[in-house]
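In what follows, a structure is listed as structure tokens, so that the remarks can point back to it.
Below, chains carry the letters A, B, ... as their sequence lines are ordered, and counting in each starts from 1.
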2 protein chains.
Amino acid sequence: MGATKSYEFSTKENRLAKYAKALGHPARVAILKLLATKENCQCGDIVEELPLSQSTISQHLKELKDAGLVKGAIDGAKVCYCINEKEWKAAQVWINQLFDSYKGCNECC
Amino acid sequence: MGATKSYEFSTKENRLAKYAKALGHPARVAILKLLATKENCQCGDIVEELPLSQSTISQHLKELKDAGLVKGAIDGAKVCYCINEKEWKAAQVWINQLFDSYKGCNECC
DNA sequence: TCTTCTTATCGTAATATTGCGATATAAGTT
DNA sequence: AACTTATATCGCAATATTACGATAAGAAGA
């Protein structure tokens, strides 16, 4: 036990959960905010901005890449990280679909 | 090590991450979908609907409650779980704020 | 009261995540 | 080539999450 039973859930549920999970850590929220507002873009800039070590940031960036929200472009010795626009918008749509499916409660609560 | 360094990040980043984390598991997505569409409401209904044990569902419900997205009202021997409308909408707004902060990329990627 | 039904909690095992230092890799510089 | 810079990966330790059975606790019904 201990492993998530992803196979028991639909592709949609898993995909939404994957996006949300990527957003589920303050460091990754901070990274995405930097990338989204384009204040910083290269890995080194992010490392300087956040109170975490280089290896930890690199790991968080990898998770964001795995989730599809971010992509990296090699720029000489550096790597420029950017929002993956297509998936970014898809994630927003999917998440909003869930939020919007709530039409209010009038029975028990 | 191993613990998230939440204290190093802003309240906003932590709050957004908390909401997203709650959505970051397919079972919790499924539960929220049921609650949002009001197909099912009582704990027992959810247990029947999902391929997880009663204790596991109860634990997921607790996490959703801790994140603020859900509230439970005791209804005799049963408990009626509902979306916590106020926090639900707040979560949607906060998450969309992050998504909307992205204005496109035109430099490196 | 005794039993049953419903939900929460405890204990435990398996697995995943977080974080960092050390090291590897790859590109640029002198 | 040797050195520096930038990023990724490895290995490890600490902690968190996921899942379940067993059990507790509360309400309802016989």
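- For the side-chain hydrogen bond (donor to acceptor under 3.5 Å, both in side chains) test, no residue two or more places apart in sequence or in another chain qualifies with A:Lys5.
- A donor-acceptor distance shorter than 3.5 angstrom exists from the side chain of A:Asn84 to the backbone of A:Gly68, with no hydrogens or angles considered.
- A heavy-atom distance below 4.0 Å to DNA chain C is reached by these residues of residues 9-27 of chain A, ordered by number: A:Lys21, A:His25.
- Atom CG of A:Asp66 is separated from atom P of C:dT18 by 12 Å (rounded to the nearest Å).
- Between B:Ile74 atom CD1 and C:dT7 atom C1' the separation is 10 Å, expressed in whole Å.
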Item checked: Nucleotide-resolved protein contact map, nucleotides 3-8 of chain D, B/S/- at heavy-atom distance under 4.0 Å -> ---SBB
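- Atom NZ of B:Lys5 is separated from atom P of D:dT15 by 13 Å (rounded to the nearest Å).
- Of the possible donor and acceptor atoms, none in the side chain of A:Asn14 sits under 3.5 Å from a partner among the backbone N and O of B:Pro26.
- Under the side-chain hydrogen bond (donor to acceptor under 3.5 Å, both in side chains) criterion, A:Lys89 pairs with A:Glu85, sequence neighbours left out.
- C:dT18 atom P lies 15 Å from atom OH of B:Tyr7, rounded to whole Å.
- Distance B:Gln59 CD to C:dT9 C1': 9 Å, rounded to the nearest Å.
- Within 4.0 Å (heavy atoms only), A:Glu63 reaches sugar-phosphate atoms of the nucleic acid but no base atom.
- Not one N or O on the side chain of A:Trp94 forms a donor-acceptor pair closer than 3.5 Å with the backbone of A:Arg15.
- Following rounding to the nearest Å, B:Arg28 (CZ) and D:dA16 (P) show an atom-to-atom distance of 15 Å.
- Atoms NE2 (A:His60) and P (D:dT9) sit 15 Å apart, rounded to a whole Å.
- Identified under the salt bridge (charged side-chain N to carboxylate O under 4.0 Å, His left out) test for residues 17-35 of chain B, with sequence neighbours left out: A:Glu13-B:Lys33, B:Arg28-B:Glu63.
- Rounded to whole Å, the distance from CD1 on B:Ile57 to P on C:dT6 is 15 Å.
- Taking A:Phe9 as the reference, nothing meets the ring-ring contact (aromatic ring centres under 6.0 Å, His included) condition, with sequence neighbours excluded.
- Using cut-offs of 30° and 60° on the angle between ring planes, the pair A:His25 and A:His60 is tilted.
- Side-chain proximity of A:Lys62 to D:dC20, D:dT15, D:dT9: nearest is D:dT9.
- Counting only heavy atoms from C-beta outward, the side chains of B:Phe99 and A:Leu23 approach each other to under 4.5 Å.
- Taking the nucleotide of DNA chain C with the nearest heavy atom to each of A:Thr4 and A:Leu52, the more 5' of the two is matched to A:Thr4.
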